[in-house]
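The structure under discussion appears below in the form of structure tokens.
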Amino acid sequence: MGYEKKILVCENSIEGIFSAVYDGWHWENKGISVKIAAEEPEYPELFADRVDITSDSEKAVKVARTVRRKLGEQVYEAVCYAAVSIHPDKGTAVFYLLRKALGGKRCDRHVLEALADPAVSLVSSLRIKVWHEIHRFYGFVRFRQMAGGILASVIRPENDILEFLGIHFSNRFPNENWMIYDEGREKILVHEKEGECCVYVQKVLNKNAGGFLEEPDEYEEMWRAFCSCIAIKERTDLKLQKQFVPLKFRSNMLEFYE
Amino acid sequence: MIYKESMSLMEKLEILADAAKYDVACTSSGTDRKGDGSGIGNSITPGICHSFSGDGRCISLLKVLYTNECVFDCKYCANRASNDVVRTSFTPEEISRLTIEFYRRNYIEGLFLSSGVKDSPDATMEELIRSAEILRNQYHFQGYIHLKAIPGASPELICRAGYLADRMSVNLELPTAEGLKKLAPHKSRQTILRPMKQIQTVCEENKRELTVYRHAPEFVPAGQSTQMIIGAVGESDFQIVSTAEALYRKFSLKRVFYSAFVAVNEDKALPVLPQGPPLLREHRLYQADWLLRFYGFRAEELLSEEHPNFNLFLDPKCDWAISHLQYFPVEINKADYRTLLRVPGIGEKSARRIVGARRYHSLDFPELKKIGVVLKRAVYFITCNGRQMYPIKLEEDYIVRNIMESGRMPFSSSEVTYRQLSLFDDDKMIVDRNEVL
Ligand code: SF4
């Protein structure tokens, strides 16, 4: 006999979480309460069954399709952003938001407005956090030109946003070979000239993170000069600057190197 | 005039970026253009900040002058003809190359090219156009370009520039015509407003054309902006805000920027400001500007001949609410969106959320907090289901005292002030502008 509560432990990715949502749905229909953990739970729970979920792209695609079709792009985006955040309860929040919107034959496209619901409130705050980080990196990624004109960048985002940068930068630099390396997660987003973007998760680079970058060129120097010239000294406000570019972002922004 | 013949690109950049820094409009907002795969670049509507300079302003564009040579003699400007400074110019090839190399490295969203008046307004405008042409036609650059319309340049040139740029701007420079005459003798309201009107007219024609021919070339798709210097000629806030309102209404400007006067020249026609640039005043003007553009306020609701300047200790919205207590309290569960927007402590986003959330159930104070309403300001002005949060007198002095004591004193904490300033700027996307209250 199983408990009335199940903890679904899945891979920490959108695919993993969506697979768990798919499996969890049936249990929840039977009145079993579900929790989704995208990371190994710190301590085992006493009165819950642990179920290990294998990522299944077919199930994940089904979930994605249903969400997009029934709830619209905005909700879909919110769920995806929440799923890549670092919050430990993100999986469960995504699950209960979808239950609220789609359970019992409902179809609530305005579910994100129901902020009194804790799952909705968590998903929507994660969505904003992740969205902010993505947009910050649209601006804060710095490419360095390497041999053969390849552009390379190293970042260290808090949330797992690397894939989300792909669309933006492929559209922006379709005719360049470029790559962005997430040094914390050791994966790399690679774009080939006129081609698609791919993420490689294995350790593609043997050298230490960042070590693969070559020496700076004269444009880096000019950029640093530009950034210091453009400030009005009568208005100096380093605290404000720090609010906008917190120190943790600066490690890869050459204009902040001493 | 000091003119150095052979200068490295680095030296030129240092001089011409430094000379461009007082133009405050460094934004890349207003254009949504996907790259078509043929070249380089794209643009997204809210713009992107790539860095922040030591004064806390967003760096989004390569903002430089094409040249700091100038035949005009505007008293407030470091590049005026009568100043003895090192002069230099880019070439169109240099400036376009620099833009592309910065852009590829993801330093910038594009180019903001302004200029001194070298030889003549037309000659200068030609050079700016040439630079933009190289970017658009040779590099197939689809990022953002902001070009300055040089006052006095011919309409044909303005028109050509407009088909290359995303945004154009002509600076009004000073809020009053007398001020302009006094400080910028070579410019006139006419040479400034004429190109502004032209850009507006062509923009509107172009919009109509685009509805018929979807692939017609776009003219200044991100609209035009302007800038006024604040505190150089003794104008009142009422004059400034009324001017701004007229610019929005009559010229359909996208943005009016306010730039606290910084004394770069010694000149008896200029004020001496020992306390530095009037930054708090500038901040209040941005707040008021926001109220005009998004909150449905009119200039004469905020100020009048009798009450010509903003209270430096209260933001304009609070100031307005306190002197219009007859409209309050507002019932959160009934008031329409526009009425909610006028409540201090409620911004665009929280007003929208209130309207959304009350469809599900009626709202009470704890939930308002979750929604993002700043209760310590709003409490005086709202009821939930007919109740106040706690019994409060709806009385002017009482509210002023309380709001000022609740940690909103200006000067005491400069971060609050400037942080807010940036919140008011819709072009800085990494800050949530809707949090503005
Ligand atoms: S036109 Fe006036 S403001 Fe512009 S560069 Fe020349 S002197 Fe300066």
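So that the names make sense, note that chain A is the first sequence line, chain B the second, and so on, each numbered from 1. All values reported here derive from a predicted model rather than from experimental measurement.
Salt bridge present: A:R172 and B:E109 bring a charged side-chain N and a carboxylate O closer than 4.0 Å. Salt-bridge check for B:R33 with B:D166: passed, with a basic side-chain N closer than 4.0 Å to an acidic carboxylate O. Ion pairing of B:R105 with B:E101 is present here, as a side-chain N (NZ or NE/NH1/NH2) and a carboxylate O approach within less than 4.0 Å.
Looking at B:L16, there are no atoms closer than 4.5 Å to chain A (heavy atoms on both sides), in backbone or side chain. Of the two parts of B:R359, only the side chain, counted from C-beta on, holds a non-hydrogen atom closer than 4.5 Å to a non-hydrogen atom of chain A. Looking at B:E14, both its backbone and its side chain come within 4.5 Å of chain A, counting heavy atoms on both sides. Only the side chain of A:E255 comes within contact range of chain B, with heavy atoms under 4.5 Å apart. With a threshold of 4.5 angstrom between heavy atoms, A:D108 approaches chain B through side-chain atoms but not through N, CA, C or O. Looking at A:E220, the atoms closer than 4.5 Å to chain B (heavy atoms on both sides) sit in the backbone and in the side chain alike. No part of A:L112 comes within reach of chain B, as not one of its non-hydrogen atoms sits under 4.5 angstrom from that chain. Both the backbone and the side chain of B:K34 come within contact range of chain A, judged by heavy atoms closer than 4.5 Å. At a 4.5 Å heavy-atom cutoff, the contact between B:F102 and chain A is made by side-chain atoms alone. Contacts of B:A260 with chain A are made by both backbone and side-chain atoms, with heavy-atom separations under 4.5 Å.
Most heavy-atom pairs under 4.5 Å with chain A: of the set B:S43, B:A20, B:G35, this distinction falls to B:G35. For the set A:K233, A:M253, A:Q241, the entry with the most heavy-atom pairs within less than 4.5 Å of chain B is A:Q241. Per-residue counts of heavy-atom pairs under 4.5 Å with chain A were compared for B:S51, B:G37, B:A357, B:G356; the largest is that of B:S51. With chain A as partner, the option from B:G39, B:P277, B:G276 having the largest number of non-hydrogen pairs under 4.5 angstrom is B:G39. Most heavy-atom pairs under 4.5 Å with chain B, from the set A:N175, A:L238, A:I232: that is A:I232. Comparing A:A225, A:S228, A:G139 by how many heavy-atom pairs each has under 4.5 Å with chain B, the most go to A:G139.
No donor-acceptor pair closer than 3.5 Å links the side chain of A:R235 to the backbone N or O of B:G54.
When the shell of 6.0 Å around CD of B:E93 is examined, it contains more than 12 heavy atoms from other residues, nucleotides or ligands.
A:F249 pairs with exactly one of A:F256, A:F140, A:F244 by the ring pair (Phe, Tyr, Trp, His ring centres under 6.0 Å) rule, that one being A:F140.
Pairing each heavy atom of A:C227 with each of A:I230, the nearest pair is O-CG2, 3.5 Å.
A:N159 and A:E133 form a side-chain donor-acceptor contact under 3.5 Å, judged by distance and modelled atom types alone.
Using bins of under 30°, 30° to 60° and over 60° for the plane-to-plane angle, the ring pair A:W223/B:Y107 lands in the parallel bin.
Taking A:Y96 as the reference, nothing meets the ring-ring contact (aromatic ring centres under 6.0 Å, His included) condition, with sequence neighbours excluded.
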